[in-house]
Amino acid sequence: MSIELSEQEQFRRESLNELRNMGIDPYPAAEYPTNAFSTEIKASFKDDEEPKRQVVIAGRIMSRRIMGKASFVELQDSEGRIQVYITRDDINTEEQPEMYNTIFKKHTDIGDFIGIKGYVFRTQMGEISVHATEFTILSKSLKPLPIVKHKDGVTYDAFEDPEQRYRQRYVDLVVNDGVKETFIKRTKVYESMRNFFNEQGYIEVETPVLQPIPGGASARPFITHHNALNIPLYLRIANELYLKRLIVGGFEGVYEFSKNFRNEGMDRTHNPEFTVMEIYVAYKDYNWMMDFTEKMVEKACFDVNGSYEVKVGEKLINFKAPYKRVTMIDSIKEFTGFDISGMNENELREVCKKLNIEIDDTMGKGKLIDEIFGEKCEGNYIQPTFIIDYPIEMSPLCKRHRTNPELTERFELMVNGKELANAYSELNDPIDQLERFQEQLKLSEKGDDEAMFIDLDFVRSLEYGMPPTSGMGIGMDRLVMLLTGKEAIQEVLFFPQMRPEKVIKNDPIEKYTEIGVPIEWVPVLQKAGFTTIKSLQGINPNKLHQDICGINKKNKLELKNPTKEEVQSWVNAL
RNA sequence: GACUUCGUAGCUCAGUCGGUAGAGCAAAUGACUCUUAAUCAUUGGGUCGAGGGUUCGAUCCCCUCCGGGGUCACCA
């Protein structure tokens with residue numbers, strides 16, 4: 001028995017052995033065919049039903065209330081919880097007369113998976129329950145779960161430490177109500193959008209995650225290396241350029257839920273890997289795409305929540321289409337009083353100064369406008385709003401505006417003060433596209449480390465001709481956050497990126513035996529904190545002797561204590 | 001990356017103006033065949049995140065490190 005384990009873990013391991021000794025396999029292989037789920041049993045129960053409904057259910061024990069020869073157990077299955085009533089006389093069998101007293105009462109714990117065959121009834125206290133007639137251990141749990149209790153809608157001892165919840169999401173899912181619900185909603189958002197696209201004949205595609213040129217956005221990429229090709233490869237920051245190649249190739253509409261990777265900061269709205277859905281449709285423009293986008297978002301909201309309103313923090317957001325459309329120039333005019341239309345770079349710098357916006361010399365016209373908007377306007381759009389017609393410098397992949405060459409046909413959908421979606425009438429003029437890339441490159445030489453590489457193959461594809469196309473990208477994590485009312489991206493990702501846990505590296509047992517430590521004393525030394533033999537160097541042998549004899553006694557290991565001379569010899573052997 | 005704050009039993013948290021720690025739940029033992037945060041009795045459980053310093057003495061004070069949260073920077 002390892003002394004590394006907590007007392008409770010040791011008890012559970014003892015139970016595990018006891019079960020085996022009694023001929024019970026704590027991890028049986030056989031299928032356990034169930035025919036009911038907790039919630040459905042409760043929903044369809046009728047008090048006057050005779051004979052009583054027989055069910056077979058399985059799940060995890062979440063609480064036990066033992067009263068001598070009878071007990072109540074709360075069983076949690078994938079749908080929810082139901083109470084099970086277990087009595088000695090009902091579950092004991094001739095082959096297993098200790099099923100209740102020993103196997104259930106002594107060797108079954110909170111967290112164990114069990115199977116119950118029985119009939120549905122209502123207890124005197126009024127709770128619909130399953131009266132067990134057969135009890136089966138399906139899987140023994142060796143680590144105690146956090147104990148969360150509920151009464152009258154109040155939660156006690158909630159398991160809410162974010163670190164533990166995100167690192168051990170499986171525990172979070174088991175003990176915290178609503179976590180599973182959030183992720184089911186996430187899946188429903190995807191399903192809703194897929195249906196929406198598929199109904200119109202657009203097809204879901206897959207494009208490379210490993211890219212020789214990280215294009216389609218301005219962001220710092222992750223770099224890796226391909227050995228056989230001996231070249232650097234980048235994890236994608238966007239899939240835009242690949243999807244447009246497919247429109248060149250003749251698809252009417254393509255979309256992809258794209259896992260993107262950006263080597264930037266992490267906080268409650270940014271994870272290094274995140275998901276963006278991008279869709280491109282031929283022969284459309286950004287006006288069409290705005291209608292399409294608001295219908296898509298509205299539908300997703302309704303499919304997930306059954307209503308168009310979601311509470312996010314203190315704000316109530318209404319996703320019912322149509323959404324307001326405001327040009328970027330008008331927005332800046334509205335929130336700053338400055339009309340920036342037609343301004344040159346120096347004039348824009350002046351405006352920034354007057355507005356107390358921090359700027360530096362590397363910023364071009366586009367970046368300056370972006371700063372003003374981001375600083376003064378963006379946060380004001382709580383209800384879904386399209387911001388349209390961005391300055392050309394900010395949008396190298398976007399078509400010039402049909403009436404104003406300074407602007408582009410671009411919109412962003414702002415919700416809750418943040419950008420949610422981004423879309424263009426796609427630039428399909430290959431010569432213009434190449435020039436814009438070159439512009440960006442100049443910016444990058446100026447010091448803007450996010451400006452793009454030039455993807456010449458993409459330009460070549462445009463040279464073959466791309467139909468007029470509109471494309472849109474929407475941040476799925478943010479969309480799910482909005483639709484579930486969560487304010488941290490970590491709440492909508494099963495496994496958000498975390499700094500790796502530090503593992504204490506123990507020296508292997510041989511290292512200890514090499515210096516003469518008997519094998520049974522190795523765990524004792526490690527328990528005493530000497531996880532490497534190097535840490536024994538220069539230790540006072542008397543103190544070490546006392547320490548380890550103390551651990552031996554305290555943990556009732558019943559080892560024969562070594563002599564002081566033996567302990568001395570270990571230390572000397574170093 | 002910067003600043004700030006936290007890290008005590010399996011879980012949720014007290015606490016020590018510096019003298020090696022407590023509660024509730026969970027666990028163990030016992031009582032109890034309709035309980036539900038079950039109840040009652042008894043008991044055990046902690047290198048007080050890690051390392052160093054100051055001190056007769058550190059979980060507490062100081063420094064460094066590790067991990068988390070928050071704010072900012074960067075971005076979606």
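In what follows, every chain begins at residue 1, and chains take the letters A, B, ... in the order their sequences are listed.
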If I take atom CZ in residue Arg220(A) and atom P in nucleotide rA76(B), what distance separates them, rounded to the nearest angstrom? 13 Å

Among the candidates rC34(B), rA76(B), rC25(B), find the nucleotide nearest to the side-chain atoms of Ile147(A). rC25(B)

Under 4.0 Å between any heavy atoms, over every strand shown, what does Glu163(A) touch: base, sugar-phosphate, or nothing? Just pick one. sugar-phosphate

Scan every strand shown for a Watson-Crick or G-U wobble partner of rC17(B), both distances under 3.5 Å, and answer none if you come up empty. none

Base, sugar-phosphate or nothing for Asn260(A)? Non-hydrogen atoms, less than 4.0 Å. nothing

Watson-Crick or G-U wobble partner of rU59(B), both distances under 3.5 Å: none

Under 4.0 angstrom, heavy atoms only, what part of the nucleic acid is Arg12(A) near: base, sugar-phosphate, or nothing? nothing

Asp161(A) (side chain) and rG69(B) (base): donor-acceptor pair under 3.5 Å: no

May I ask you to say what Glu7(A) touches in the nucleic acid, namely base, sugar-phosphate or nothing, with a heavy-atom cut-off under 4.0 Å? base

Between Tyr390(A) and Arg410(A), is there a cation-pi geometry (under 6.0 Å to ring centre, at most 45° from the normal)? yes

Scanning all shown strands, the Watson-Crick or wobble mate of rC25(B) with both distances under 3.5 Å is rG10(B)

Tell me the interatomic distance from Lys105(A), atom NZ, to rG30(B), atom P, rounded to whole angstroms. 8 Å

For Asn271(A), report the nucleic acid contact type (base, sugar-phosphate, nothing); a contact means any heavy atom under 4.0 Å. base

Pair assignment for rU4(B), Watson-Crick or G-U wobble, requiring both distances under 3.5 Å: rG69(B)

Nucleotide forming a Watson-Crick or wobble pair with rU39(B), both distances under 3.5 Å: rA31(B)

With a 4.0 Å cut-off on heavy atoms, is Gly475(A) in touch with a base, just the backbone sugar-phosphate, or nothing at all? nothing

hbond_proxy Glu419(A) side chain to rA76(B) base (donor-acceptor, 3.5 Å cutoff): no

As a test of reading the structure: which of rU36(B), rU33(B), rA76(B) is closest to the side chain of Ser218(A), going by heavy atoms? rA76(B)

ring-ring contact (aromatic ring centres under 6.0 Å, His included) between Phe257(A) and Tyr190(A), worked out: CA-CA 9 Å; Phe257(A) 290 93; Tyr190(A) 280 64; 4.7 Å; yes

Is Glu426(A) salt-bridged to Lys244(A), going by a charged N under 4.0 Å from an acidic O? yes

Between Phe72(A) and Tyr85(A), is the ring centre distance below 6.0 Å? yes

Against the side chain of Ile489(A), the closest entry in rA76(B), rG68(B), rA26(B) is rA76(B)

Out of rA28(B), rG67(B), rA37(B), which nucleotide sits closest to the side chain of Tyr156(A)? rA37(B)

Under 4.0 Å between a Lys/Arg side-chain N and an Asp/Glu carboxylate O for Lys52(A) and Glu50(A)? yes

Re rU64(B): Watson-Crick or G-U wobble partner, both distances kept under 3.5 Å, found to be rA50(B)

Side chain of Met67(A) only, heavy atoms from C-beta on: which candidate in rG68(B), rA37(B), rC32(B) is closest? rC32(B)

With respect to the side chain of Gln83(A), which nucleotide from rA37(B), rC34(B), rU36(B) is positioned closest? rU36(B)

Which is true for Glu74(A) with a 4.0 Å heavy-atom rule: it touches a base, it touches only sugar-phosphate, or it touches nothing? nothing

Check every strand shown and say whether Leu420(A) touches a base, only sugar-phosphate, or nothing at a heavy-atom separation below 4.0 Å. nothing

Would Arg64(A) pass as a cation-pi partner of Phe104(A), given that its NZ or CZ must be under 6.0 Å from the six-membered ring centre and within 45 degrees of the axis? yes

